[in-house]
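Below is one structure; the comments refer to it alone.
Values reported hereafter were calculated over all heavy atoms of this structure, with side chains retained and with hydrogens, waters and symmetry mates removed. It should be emphasised that the depicted structure is a prediction, and the values quoted were computed from it without experimental measurement.
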Amino acid sequence: MSSTMSSILNKLRNLDAYPKINEDFYSRTLSGGLITLLSSLVMLFLFFSEFSLYLHTVTQTKLLVDTSRGEKLRITFDVTFPAIRCSLLSLDAMDISGEQHLDIRHDIFKKRIDAHGNVIEVKQDVIGAPKIEKPLQRHGGRLEHNETYCGSCFGAETSDDDCCNSCEEVQDAYRKKGWALTNADMIDQCKREGFVQKVKDEEGEGCHIYGSLEVNKVAGNFHFSPGKSFHQSNFHLLDLLAFQRDSYNITHSINKLAFGDYFPGVTNPLDGVQWMNENPYGMYQYFIKVVPTVYTSIRGYNIQSNQYSVTEHFRSSEFGRPESHPGVFFFYDLSPIKVTYKEEHISFLHFLTNICAIIGGTFAMAGIIDAFIYHGQKTIKKKMEIGKFG
């Protein structure tokens with residue numbers, strides 16, 4: 001039994017890949033000491049570098065086919081028009097499904113600004129008629145006590161029950177009919193609200209408009225234009241209210257434009273873009289390709305958002321051509337490919353493997369360099385001895 005055990009132990013001893021050398025045969029050199037010190041410093045530096053990478057997250061990127069359906073697209077914008085007054089500036093949106101939103105006001109804010117960009121007045125653009133006294137009724141008489149107000153739409157009524165109780169409602173009724181409201185000073189509601197005077201008071205002002213809108217997740221466009229929009233015979237037209245031509249100056253700066261929520265690393269190429277031209281009258285178009293994006297943080301929190309790329313085109317104004325509306329247009333289309341970003345930690349086994357590679361590789365290289373220097377020193381020493389006794 002003991003002989004069998006001894007035989008097994010001898011076989012294991014023969015498998016030793018690290019044979020030991022008696023210390024009497026060690027030869028320690030100055031160059032070896034320097035190489036050991038330098039290699040230790042290199043290993044220490046590489047260890048802390050690898051440890052720092054292990055503590056930080058890495059982002060894995062994948063491309064997938066976007067199979068989502070029936071979702072909404074949230075657009076956040078912040079745009080400044082230094083030469084278009086707030087009372088004339090409107091925001092419209094439409095998509096290829098046929099859905100249209102004209103003169104959007106919900107979640108939209110406007111700031112009147114002077115020629116130097118200073119804020120004059122801040123207001124939320126909301127729906128609602130101002131409080132009025134003794135207005136003109138639809139039948140022609142003035143509003144009496146305990147009588148329900150129903151203002152005239154001045155020929156734009158679609159039924160006998162239609163009422164226009166504010167200047168804005170009259171304009172909406174005219175737009176639905178496809179009529180341009182060019183005599184606002186003759187409309188009772190506009191006269192009492194001081195609409196024309198308000199527009200005149202804003203002469204020389206600009207507008208800072210910002211907010212957000214939700215649209216269907218299909219190709220479409222939204223645009224800022226002077227005047228109010230209306231549709232007639234499938235044509236998209238503008239009611240420019242017969243104001244002077246300088247109202248159509250579409251010089252603008254985009255402070256922010258985002259399709260979805262912010263996520264780490266996102267870059268919006270139109271943020272901070274300014275446009276001005278010697279002839280700033282016409283239609284400026286941005287063609288945007290929206291790429292659906294999902295960002296997953298290290299804690300597993302998902303952010304559904306979008307990235308986009310953009311190209312631009314400017315078309316000078318040509319009066320009499322309905323396709324040359326003055327304004328700034330954003331045409332967007334969605335990519336069928338979705339990008340996913342996922343934050344991950346490097347696995348501990350990967351970190352351990354790299355540490356072993358650093359230690360082993362540094363020792364191996366240090367051994368090769370030390371052996372090369374040692375053999376070089378021995379060769380030189382031999383030659384010197386031969387020369388001395390030769």
Side-chain angles (χ1 to χ4, degrees), residues 59-81 89-109 208-225 229 231 236 250 252-275 282-297 301-315 323 325 327-343:
T59 304
Q60 302 291 339
T61 306
K62 291 182 180 179
L63 299 178
L64 304 170
V65 175
D66 186 15
T67 57
S68 59
R69 293 182 299 172
E71 295 182 353
K72 291 288 186 179
L73 181 64
R74 184 177 181 83
I75 304 172
T76 305
F77 61 86
D78 185 335
V79 186
T80 301
F81 293 88
L89 188 63
S90 68
L91 170 62
D92 309 317
M94 56 195 70
D95 59 46
I96 59 172
S97 69
E99 188 166 324
Q100 301 169 356
H101 302 276
L102 303 181
D103 197 16
I104 301 171
R105 292 162 176 254
H106 184 64
D107 291 333
I108 307 299
F109 296 84
H208 176 200
I209 182 170
Y210 60 97
S212 62
L213 62 151
E214 281 195 352
V215 296
N216 295 324
K217 198 174 179 182
V218 295
N221 80 82
F222 64 97
H223 55 269
F224 304 92
S225 55
S229 300
H231 281 69
H236 181 68
I250 60 169
H252 62 277
S253 59
I254 302 173
N255 308 307
K256 179 183 179 181
L257 180 64
F259 290 79
D261 297 328
Y262 170 83
F263 63 88
V266 65
T267 301
N268 297 319
L270 286 179
D271 286 2
V273 168
Q274 296 184 349
W275 182 85
M283 175 191 292
Y284 202 85
Q285 300 168 310
Y286 293 96
F287 298 94
I288 298 171
K289 177 65 75 172
V290 179
V291 181
T293 304
V294 179
Y295 190 92
T296 305
S297 68
Y301 179 69
N302 281 344
I303 301 175
Q304 303 280 345
S305 188
N306 301 278
Q307 304 176 82
Y308 65 90
S309 61
V310 63
T311 56
E312 307 168 21
H313 176 70
F314 175 63
R315 180 190 296 175
E323 66 270 19
H325 306 308
V328 179
F329 288 71
F330 297 85
F331 298 91
Y332 57 88
D333 195 5
L334 287 114
S335 169
I337 301 299
K338 177 168 62 178
V339 180
T340 64
Y341 297 108
K342 187 175 182 180
E343 286 185 347

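Here the options are Gln304, Lys342, Glu343, the test is side-chain hydrogen bond (donor to acceptor under 3.5 Å, both in side chains), and the partner is Tyr295; only Glu343 passes. With Ile288 as the fixed residue, the side-chain contact (heavy atoms from CB on, under 4.5 Å) test singles out one of Val310, Asp333, Thr311, Leu334: Val310.
Rounding to the nearest 0.5 angstrom, the gap separating the CG atom in Leu64 from the NZ atom in Lys338 is 6.5 Å. Interatomic distance, Lys217 NZ to Tyr332 OH, rounded to the nearest 0.5 Å: 12.0 Å. Annotation: the span from Leu213 atom CG to Ile108 atom CD1 amounts to 6.0 Å, rounded to 0.5 Å. With values rounded to the nearest 0.5 angstrom, Thr80 atom OG1 is found 10.0 Å from Ile209 atom CD1. Taking CZ of Phe109 as the start and CG of Asp78 as the end, the distance is 12.0 Å to the nearest 0.5 Å. Separating the CZ atom in Phe81 from the OG atom in Ser225 is a distance of 8.5 Å, to the nearest 0.5 Å.
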Q: For side-chain contact (heavy atoms from CB on, under 4.5 Å), just list the numbers for Val79 and His208, CA-CA rounded to whole Å, side-chain angles, deciding distance to a tenth of an Å, and then say yes or no.
A: CA-CA 6 Å; Val79 186; His208 176 200; over 6 Å; no
Q. What do the steps show when you test Met283 against Phe314 for side-chain contact (heavy atoms from CB on, under 4.5 Å), and what is the final call?
A. CA-CA 6 Å; Met283 175 191 292; Phe314 175 63; over 6 Å; no
Q: Would you please test Met94 and Asn221 for side-chain contact (heavy atoms from CB on, under 4.5 Å) and show each step?
A: CA-CA 6 Å; Met94 56 195 70; Asn221 80 82; 3.4 Å; yes
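In terms of heavy-atom proximity, Tyr308 sits nearest to Ala258 at CE2-CA, 4.5 Å. What you find for Ser335 and Pro292 is that their closest heavy atoms are O-CD, 3.6 Å. When every heavy atom of Leu257 is checked against every heavy atom of Ile254, the shortest pair comes out as CB-CG2, 4.0 Å. Heavy atoms only, all atoms of each residue included: Phe222 and Leu91 are closest at CD1-CD1, 4.0 Å. Smallest separation of non-hydrogen atoms from Ser305 and Gly260: OG-C, 3.5 Å. The shortest non-hydrogen separation linking Ala219 to Asp95 is O-CB, 3.3 Å.
For an aromatic pair to be called close, the ring centres must be under 6.0 Å apart, and Tyr284 with Tyr286 satisfies this. Separation of the Tyr210 and Phe77 ring centroids does not fall under the 6.0 Å cut-off.
A heavy-atom distance below 4.5 Å is found between the side chains of Ile75 and Val215. Inter-residue side-chain proximity for His313 and Phe287 is flagged as met; some heavy-atom pair is nearer than 4.5 Å.
No donor-acceptor pair closer than 3.5 Å links the side chain of Asn268 to the backbone N or O of Leu270. In terms of modelled atom types and a separation under 3.5 Å, the side chain of Asn216 and the main chain of Val218 share no donor-acceptor contact. In this structure, Asn306 contributes its side chain and Phe259 its backbone to a donor-acceptor pair below 3.5 Å.
Using a 4.0 Å cut-off between charged side-chain N and carboxylate O, Lys72 and Glu214 make no salt bridge. A salt bridge is absent between Asp271 and Lys256; no separation between the charged side-chain nitrogens and carboxylate oxygens falls under 4.0 Å.
If you check the side chains of Ser212 and Asp107, you find no donor sitting under 3.5 Å from an acceptor.
Under the side chain to side chain donor-acceptor pair (under 3.5 Å) criterion, Gln307 pairs with Thr293, Tyr341, sequence neighbours left out.
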